[in-house]
Every structure is written in C-alpha cells, then in structure tokens.
Amino acid sequence: ETLSSANKTIDNNISKETAGPRDMQMAILRALSSIAECVPQFLGLHIGKVMHGSLFLSRSIRNTKDPLMKQAMQNFDTAVSTKVPARVFVPSLAKAIASTPAVDELHILLQLLQMSVHTISSREAGALKSSVFSCVTTALELEATLKSDVRKQATDALVSFVLKLSENQLRRFYSALKEWKSEVDTEPIASNACRREAFWAFSAALAEQLQALFLPCLSQVVDDMVRELEHAVIVLSRTESLRSETGHKKQKLAASEVAYPNCSRVIQQVFLVLERSLRADAREGGNWTRFEEGKRYSLILEPVAKLFHCRPSFDTDVNHVSYIDLVEGTEEGDDGNVVGCITALAVAAGDEQLWKPLNHAVLEAAGTDGRSEVRRAGLKCLLSLMKTLGEEYMVLVPECLPVLSELMEDSNEEISGLARDIVTLAEEVTGENFEDTLA
C-alpha cells in the first residue's frame with residue numbers, strides 16, 4: 001500500500017518535487033530485493049500482489065531517469081525472478097500477463113519470464129509446462145491487440161524452456177502449441193495469422209537449436225506445412241482482371257487474399273523451418289526427407305516450386321514482403337525463401353532421381369516468359385544448387401543447357417549474365433567446354 005501510494009503521488013506530480021515518495025520507492029525496492037535474496041519463500045507467498053501493475057510495473061518506477069533507481073529496479077527484477085521458486089513465480093506471471101497489461105508492462109513481464117526460465121531445472125520443467133505455455137501464448141495473442149512486437153521475447157523464453165524438457169515432454173508441448181496455432185483454413189482473421197506466424201517462428205528457432213533432434217517434432221506438422229504452402233500458392237497467385245462498370249480494368253482479389261492477411265510473412269517462417277530442418281537432416285543422411293520412398297520430398301517440393309511464380313505484391317499484408325525477399329532472399333534477410341528451401345531440399349535428398357523433378361521446376365521458372373523476376377530467381381536457384389552440390393549435380397547439366405543457351409541471349413543483362421555464370425561454373429567443375437552444345 002505504501003509503494004502504491006508513493007507511485008500515485010509521483011504520477012500525479014510529474015513536474016513537482018517528489019523526493020519523499022522517491023526515497024520511499026527506493027527503500028521498498030531495496031528491502032524487497034533483500035527479502036528475495038535471503039528468504040524468497042516468504043516473498044513467494046505475496047508474489048501475486050507484487051506483480052500488480054500499480055506497484056513494480058508502475059511507470060513512475062520503470063520510466064525513472066534516476067540511475068540509482070534504475071539500478072535498484074534491475075536488482076529487484078533479478079532477485080525476484082531468479083530467487084523466488086519458479087513453481088511459484090511463473091504461475092503468478094501467467095496471471096499478470098492474462099490481466100491484459102499495457103505494452104511496457106508486457107515487455108517487463110516477458111523479461112522476468114526469461115530470467116526465471118533460466119533458473120528452472122530439468123526436473124522442475126515438466127510441472128511448469130502449462131504455466132509457461134500460458135505466459136507465452138497469451139503474450140503472443142496480445143501482440144496484435146497492443147500493436148507491440150513481443151514475439152522475439154516470447155520465442156526466446158519458450159526456446160530456453162523447452163531445451164530443459166525431455167524428448168517425450170517436448171513432443172507433447174509442441175503438439176499443444178500446434179493446436180494453439182489453429183489451422184490455415186479456420187478463423188480467417190489477423191489474429192489467426194499472428195498465431196501461425198509466431199508458431200512457425202518458434203519452430204524455426206527450435207530447429208536451429210536442436211538440429212536433427214527437432215525432426216520428430218517436425219513430423220507432427222508436415223501436413224500443416226504443406227497446407228500453408230498450398231494456401232500461399234493460392235493467395236499469392238495471379239489475380240484475375242475484370243472490367244468495372246466504367247469500362248476500366250480492375251483487379252479481382254480472391255476471397256482468400258482478403259480473408260487471410262500476412263500470408264507472405266507466415267510463409268517466410270515456414271521456409272525457414274524447412275531450410276534449417278532439411279540441412280540438419282542432410283547431415284544425418286537425409287532419411288527424414290526421403291521418408292516413404294521420397295513421398296515426403298515430393299509433397300514439399302511441389303508447392304514450394306510453384307511459389308517461384310508467386311506475386312506477393314497482391315498480399316494484403318501491410319508490412320509488404322517483396323518478391324525478392326520471399327523467393328530469392330537477401331544477404332541481410334533473416335527469413336526463409338524459396339531458393340534457400342529448394343537448395344536445402346536438394347541437399348537433403350541427395351539422389352539424382354529425386355533431383356530431376358526439382359531441376360525441371362527450376363528450369364521452368366528460369367524459362368518463364370513475361371516475368372524477368374521469375375527467370376532471375378530460377379537462375380539464381382540453379383546457381384545455388386550447382387555451387388552447393390558441386391560435381392554431383394553436374395549429371396543434370398545436359399538438361400539445363402538448352403534453357404541456358406536461350407537465356408544467354410536474354411535482353412535483360414542481369415539474366416544473360418547469370419546464365420553465362422552458370423555455364424562457366426559448369427565448365428570449371430566438369431572440365432568440359434559447352435561452346436558447341438550452346439551454339
């Protein structure tokens with residue numbers, strides 16, 4: 001009550017001298033930090049009140065410019081999140097987050113969750129699954145409402161936590177997250193897209209951390225990934241052109257485009273999950289990719305290859321993702337793309353017979369009439385495949401030469417230059433001269 005009163009006094013007297021209440025804030029913070037350090041069990045009995053927004057989440061404390069107060073606040077945060085037992089602290093955080101805090105408060109609560117998670121032992125983790133799940137999923141659902149980017153904080157906390165789970169616990173936890181994200185064809189609203197984007201971003205982070213150990217989890221969502229990819233093919237495909245009543249052309253957006261926003265951003269995360277997982281599988285021999293005599297490989301390849309021909313400019317996402325971002329990728333970009341996914345798929349497949357339909361899809365993109373960006377993406381993908389797979393991929397060069405011969409004469413200098421670069425690389429790797437073949 002004393003701290004709440006001091007906070008209110010400061011909030012209501014921003015421009016006036018508030019030395020007394022400030023001293024009171026400092027004294028209480030230091031006292032409770034000492035209690036958390038020495039007798040955390042006692043503070044744990046009252047942690048619900050401590051997390052109340054009018055107390056230690058108050059702007060009068062958090063937004064102070066006083067360096068001593070800032071240090072006292074940091075000391076308190078560290079003490080309460082690392083000394084109070086996680087079995088008590090994390091459920092209280094879940095309740096605080098569920099009370100729909102302000103944006104600043106939500107960031108603070110997630111920061112406290114991150115610190116607390118680091119103290120959880122593997123033995124404790126299983127009992128805290130539901131509380132951590134509640135903290136993270138509620139925060140991610142609030143992200144769209146509060147218009148605040150909390151995904152990285154939530155994902156970091158979640159990854160740190162699941163690394164403490166056993167393999168069986170991890171699979172069950174991941175299955176619960178899968179149910180939370182909902183399906184691509186249900187609830188066609190922005191919150192649904194935010195859930196799916198967050199789920200795939202978490203999956204990508206987990207794939208990076210666990211490498212091949214993540215593949216059993218990924219097996220649970222293969223069908224979900226394929227549905228996301230097929231959905232993206234529809235949403236990001238060419239729109240029809242119709243005549244308006246005045247005779248002017250207007251675009252007819254497919255119903256799915258209007259209903260399902262953020263498609264490009266969601267699919268970038270799916271690409272990233274696939275790329276990281278496929279590369280991990282390649283290091284283990286590629287058995288996951290070639291599952292059921294290559295059926296899983298084909299299931300993934302078909303919709304990914306179709307996205308060479310996408311038109312992300314028709315996506316309804318206000319945070320526009322360009323064709324280059326989505327298909328080719330950029331050196332600065334951290335998200336997945338078609339070229340990276342196709343290359344990783346080829347590496348994991350490691351088989352000439354499986355490469356043939358992939359190579360055909362890439363050449364089809366490279367030979368697309370009327371869209372120079374698709375031709376460029378197809379050539380960049382072919383160059384990536386040859387650089388990555390080297391001599392092994394050269395068995396498919398004869399199939400590539402007719403298309404490359406034509407593209408070397410392309411009016412677009414960038415495209416003709418890429419075609420020549422590919423031919424030069426193939427000649428260097430094979431030791432052959434393809435001049436006569438290309439003539």
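With hydrogens and angles disregarded, a donor-acceptor distance shorter than 3.5 Å links the side chain of S99 to the backbone of A96. No side-chain donor-acceptor contact under 3.5 Å links T119 to the backbone of M115. Not a single donor-acceptor pair under 3.5 Å links the side chain of Y323 to the backbone N or O of A377. Within the 3.5 Å criterion, the main-chain N or O of M225 finds no donor-acceptor partner in the side chain of E228. A distance-only check finds a donor-acceptor pair linking the side chain of K164 to the backbone of I120 [under 3.5 Å]. Not a single donor-acceptor pair under 3.5 Å links the side chain of R195 to the backbone N or O of S182.
When side chains are defined from C-beta on, K70 does not count as touching P67, because their heavy atoms never get closer than 4.5 Å. Within the 4.5 Å cutoff, side-chain heavy atoms of N359 are placed close to those of C400. The shortest side-chain heavy-atom distance between L215 and S277 falls under the 4.5 Å cut-off. The shortest side-chain heavy-atom distance between L177 and L158 falls under the 4.5 Å cut-off. In this structure the side chain of V136 never reaches within 4.5 angstrom of the side chain of F161, judged on heavy atoms.
The environment of CD in E302 is sparse: at most 12 heavy-atom neighbours from other residues, nucleotides or ligands sit within 6.0 Å. Heavy-atom neighbours of D369 CG from other residues, nucleotides or ligands within 6.0 Å: at or below the threshold of 12. Crowding of E406 atom CD: a count of heavy atoms from other residues, nucleotides or ligands under 6.0 Å not exceeding 12.
The minimum heavy-atom distance between L363 and E399, with the atom names listed, is CD1-O, 3.5 Å. When all heavy atoms of G378 and A365 are compared, the closest pair comes out as CA-CB, 4.1 Å. For A348 against A282, the heavy-atom pair with the smallest separation is CA-CB, 3.7 Å. Minimum heavy-atom separation, V90 to S116: CG2-OG, 3.6 Å. Here the closest heavy-atom approach between residue A349 and residue T289 is recorded as N-CG2, 4.3 Å. For the residue pair V162 and L206, the shortest heavy atom distance occurs at CG2-CD1, 3.2 Å.
With rounding to the nearest 0.5 angstrom, the SG atom of C194 is 9.0 Å from the CZ atom of R151. One finds the CG atom of L106 at 10.0 Å from the SG atom of C135 (value rounded to the nearest 0.5 Å). Note that the CZ atom of R276 and the CG atom of L218 stand 13.0 Å from one another [nearest 0.5 Å]. Here I324 contributes atom CD1 and E373 contributes atom CD; the two are 9.0 Å apart, rounded to the nearest 0.5 Å. Residue Q153 holds its CD atom at 5.5 Å from CD of Q114, rounded to the nearest 0.5 Å. Note that SG of C381 is 5.5 Å distant from CD1 of I342, once rounded to the nearest 0.5 Å.
Between K181 and D224, at least one side-chain N (NZ, or NE/NH1/NH2) sits under 4.0 Å from a carboxylate O, which counts as a salt bridge. Using a cutoff of 4.0 Å between basic side-chain nitrogens and carboxylate oxygens, D156 and K152 are scored as salt-bridged. D351 has no carboxylate O lying under 4.0 Å from a charged side-chain N of R290, or vice versa, which leaves the two without a salt bridge.
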Begin from the C-alpha positions of T82 and H118 and carry the test side-chain contact (heavy atoms from CB on, under 4.5 Å) through to its verdict.
CA-CA 8 Å; T82 61; H118 286 300; over 6 Å; no
Evaluation steps, side-chain contact (heavy atoms from CB on, under 4.5 Å), between V273 and V221:
CA-CA 11 Å; V273 176; V221 294; over 6 Å; no
Given R296 and E292, is the salt bridge (Lys or Arg N to Asp or Glu O under 4.0 Å) satisfied, shown in steps?
CA-CA 7 Å; R296 177 176 286 164; E292 290 188 341; over 6 Å; no
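For F291 and Y297, the ring centers are positioned 6.0 Å apart or more. Aromatic ring centres of Y393 and W355: separated by under 6.0 Å.
By the ring-ring contact (aromatic ring centres under 6.0 Å, His included) test, F202 is found to be paired with no residue, residues two or more places apart in sequence or in another chain being considered. Not counting sequence neighbours, the partners of F214 by the ring-ring contact (aromatic ring centres under 6.0 Å, His included) test are Y174.
Side-chain contact check for D325 and S322: at least one donor-acceptor pair (N or O, by modelled atom type) lies under 3.5 Å. Side-chain contact annotation: T343 with T388, donor-acceptor N/O pair under 3.5 Å absent. At a cut-off of 3.5 Å, with distance as the only test, no side-chain donor of Q269 or R196 sits close to an acceptor on the other residue.
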